[in-house]
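Written out below as structure tokens is the structure these notes cover.
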Amino acid sequence: MGYTRVPLLLLVLQAHLCLVSPGVAGLSFSYDFSIPDPGRINRKILRPLPDYGNSENRCGGVICLHSSYVKNSSARVFYKQPVRLWDGLTGKRASFSTSFSFSMSGLRVGLNTTTLPKGPGTAFFIGPFPSSLPPNSGGGLLGLFGDKSSFTPTVAVEFDTQWDDGWDPYDATGDHVGINVNSIHSDSYSRDLAKGDLAAGTVSANVTYDAGSNLLEVTVRLANGSTTSISALLNLKKQRLPQDAAIGFSTGKGEDTNFSPVLISWSFSSTDPRTPLWVIILSSVASALLAASVVATLIFFTMRKRWAAMMKIESPVAKEFSYNELSASTNNFSEDRKLGAGSFGKVYRGDLKDPRMPPVAVKVLTGHMDSQIRKDFVTEVTTLCQLSHRNLVKLVGWCSDGKPLMLVYELVTNRSLDEHLHGQGRLLTWTERYQVALDIGFAIEYLHNGSKEPILHRDIKPDNVMLDDAFHAKLGDFGLVRQVNPGQGSLRGTTMIGSYHYMDPQCTNGSASTASDMYSFGVLLLEVATGKRSQASLDPEKGFPNSLTSTVRESYHKGHVVEMADARLNGDFDKSQMARVLTVGLLCVQLDRALRPEIREAINMLSNPSHPVPQLGA
Ligand SMILES: *[C@@H]1O[C@H](CO)[C@@H](O)[C@H](O)[C@H]1NC(C)=O
Ligand SMILES: *[C@@H]1O[C@H](CO)[C@@H](O)[C@H](O)[C@H]1NC(C)=O
Ligand SMILES: *[C@@H]1O[C@H](CO)[C@@H](O)[C@H](O)[C@H]1NC(C)=O
Ligand SMILES: *[C@@H]1O[C@H](CO)[C@@H](O)[C@H](O)[C@H]1NC(C)=O
């Protein structure tokens, strides 16, 4: 065995795992389309077929699953990226679960069963990516297949409200739920229901697939509130489903053109089917050891430390860059490419050699590489790799082979909120600011509630809010992210970090919690509304008095908080929105953590004009 073989093997494997395949391994998202989305960002995750443009008004602001008026037509809506169903190397399969709610009668409520719009139905499907709409697939074919006898590999959960002779189970009057495997027939897996059970209101469903047991389980909450379930045993790989599959909804329309189902919410999460790199390495190493002599054993021991380090930061989505690659991309970290300085180091614009790669932001972490910084780095990379949200800056990769550690992010083109509020940037309109407030709220909601354990950001401030070319906000700089211990709700014994102008004064005793993120969010809201910088003084005796929060609070108690609005807006804003943003900001910066709202509540107060906002205590 040659001396260079093992590193070479590593390279080949990394290339295989990181680059070759476009499907997202371990995909996870969650969208509630009923939350107001003035920027129409949520719906950008979906690809409609045919493209229905701006027809969402017709669907009450949520997602149209079928908005054409053409009889016997079909439509699809699918997620923009494919999901990885199985691993090409090992054949290992992914498990997934998805929840969605929809309404076959649009958002109209109180319909009675004799006047319901009549339509064949809709289906959740998994099939070839990119998805295409077979011609003549309207009616009972539900947009899934163009022909009653030849079927592309597709598994669908159908919600059928119209009986089709010949391929539906015999139930001439009622609705039914079925599982279709490479066929429009659902006879093998079907549940008959009463008329109106699916069409007379909002229906929600959970679909889970366990690759270990091959069990596909569907639980449906019917329009009348009761639940029913069906299940099927199937191996998606043996059923010839593609490695990278489209997921989405497919709908068939019949004679009644008023039939226009809508999608209200959708979440999805799948496991990564790939064998972790370290398992592959260990098994390669084991066979190498068998074949090789003492020399190989020696090589193994000398390199073990390096492998251990590499294994730790192995991540499902991002890729590892070499120092030379990043140095070349930033023109040797030249001054004119410097974008700014984050909490842990300088950030440069990078243009990678590969023309298919969009420009990136390369963060060079300063400080010597002691074990704490290395640990932070590993934390940042592993945590960030699991996160995916439109309002979080995406991690593209990392580099740990040169002296300084580096992180590579997507480049968010319009720089930071701080520069637009206080620096060279352009003055943001109120509509833009309000959207920024909601965007950052959504990002925090994802961090706090998106996974089993809340993730703390710990350094929320305008400097860390990046704006994209449409001035939508993304929260970045996760150098300080920590996973909170379950049940504890806060992390003790960690040092105080972050800028003190935005920091919860209660953090000085060393405990960060979701409530301390809420404090920083509150300060950010006040800054967005007033256009003034937060100014805290480093005076622990007086509880770090903050001139911005106290001025706004005084004005609130005098009953004219709206006067605190940024004068540069020239009064060009929605007064009730302004009052809400300022009041929610004040609620979040209350000293008593127990009085601060949780992020979900804060978003409700910010986005819903009829949601009650509590009075602030004196
Ligand atoms: C729609 O399909 C039905 C049943 O197959 C058929 O009777 C009807 O003529 C079709 N309508 C149109 C407009 O194609
Ligand atoms: C449902 O609508 C039909 C037609 O408009 C009407 O005759 C019937 O009384 C309604 N049924 C109920 C329960 O409201
Ligand atoms: C709802 O519909 C199901 C299926 O038709 C039926 O079994 C159940 O009794 C109904 N539940 C209620 C609360 O009406
Ligand atoms: C789906 O799962 C969620 C979370 O476990 C649960 O709250 C909800 O009631 C389930 N819905 C149905 C229709 O089973």
Side-chain angles (χ1 to χ4, degrees), residues 27-35 62-63 65 79 83 94-105 107 109-126 155-163 168-179 186-187 189-213 215-232 247-249 261-271 445-446 448-454 486 598-601 604:
L27 179 65
S28 165
F29 59 80
S30 175
Y31 291 94
D32 183 348
F33 301 106
S34 68
I35 294 177
V62 294
I63 302 294
L65 288 177
Y79 188 69
V83 57
S95 296
F96 63 80
S97 67
T98 182
S99 302
F100 46 87
S101 61
F102 62 92
S103 165
M104 300 255 202
S105 34
L107 286 185
V109 286
L111 294 173
N112 88 33
T113 46
T114 53
T115 56
L116 283 176
K118 288 191 182 56
T122 194
F124 168 75
F125 74 91
I126 311 165
V155 168
V157 177
E158 66 165 67
F159 300 88
D160 196 329
T161 52
Q162 178 176 297
W163 183 70
D168 276 344
Y170 186 73
D171 174 21
T173 54
D175 299 350
H176 86 271
V177 183
I179 298 173
S186 54
D187 313 47
Y189 316 103
S190 154
R191 173 82 66 243
D192 288 342
L193 301 163
K195 193 81 205 151
D197 278 349
L198 293 176
T202 301
V203 171
S204 58
N206 290 345
V207 179
T208 59
Y209 178 64
D210 177 36
S213 61
L215 183 66
L216 181 79
E217 254 188 311
V218 180
T219 312
V220 185
R221 176 158 299 116
L222 305 173
N224 74 9
S226 65
T227 56
T228 186
S229 58
I230 51 168
S231 52
I247 47 173
F249 299 86
V262 297
L263 181 66
I264 300 161
S265 65
W266 186 19
S267 63
F268 183 93
S269 139
S270 68
T271 60
E445 140 94 53
Y446 176 79
H448 287 183
N449 302 327
S451 35
K452 260 197 223 105
E453 293 158 22
E598 306 242 320
I599 186 63
R600 201 163 279 169
E601 179 62 7
N604 281 336

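Remember, it's 1-based here, ligands and their atoms both numbered in the order they're listed.
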Between the candidates V207, T228, N206, T208, which shows the shortest non-hydrogen contact distance to atom 12 (C) of ligand 4?
N206
Name the one of F100, F159, F102 that satisfies ring-ring contact (aromatic ring centres under 6.0 Å, His included) with F249?
F100
What's the shortest distance from atom 4 (C) of ligand 3 to any protein heavy atom, and which residue and atom give it?
D197 OD2, 2.9 Å
Could you go through F29 and W266, starting from their C-alpha distance and side-chain angles, then the distance that decides it, and tell me whether this counts as ring pair (Phe, Tyr, Trp, His ring centres under 6.0 Å)?
CA-CA 8 Å; F29 59 80; W266 186 19; 5.0 Å; yes
What protein heavy atom sits nearest atom 10 (C) of ligand 3, and how far away is it?
N224 ND2, 2.5 Å
Do any non-hydrogen protein atoms sit less than 4.0 Å from atom 8 (C) of ligand 4?
yes
Enter the distance from T161:OG1 to M104:CE here, rounded to the nearest 0.5 Å.
5.0 Å
Please check if the distance between the ring centroids of F96 and F268 is under 6.0 Å.
yes
Considering only heavy atoms of T219, which atoms of ligand 4 have at least one such atom less than 4.0 Å away?
13 (C), 14 (O)
Applying a 4.0 Å heavy-atom criterion (strictly less than), which segment of S226 is in contact with ligand 3: side chain, backbone, both, or neither?
side chain
Nearest 0.5 Å, what's the OG1-CD distance between T122 and E158?
10.5 Å
For atom 13 (C) of ligand 4, grab the closest protein heavy atom and report residue, atom and distance to one decimal in Å.
R221 N, 3.5 Å
Can you tell me how far the CG atom of L198 sits from the CG atom of L193, to the nearest 0.5 Å?
5.5 Å
A194 heavy atoms within 4.0 Å reach ligand 3 at atoms 5 (O)
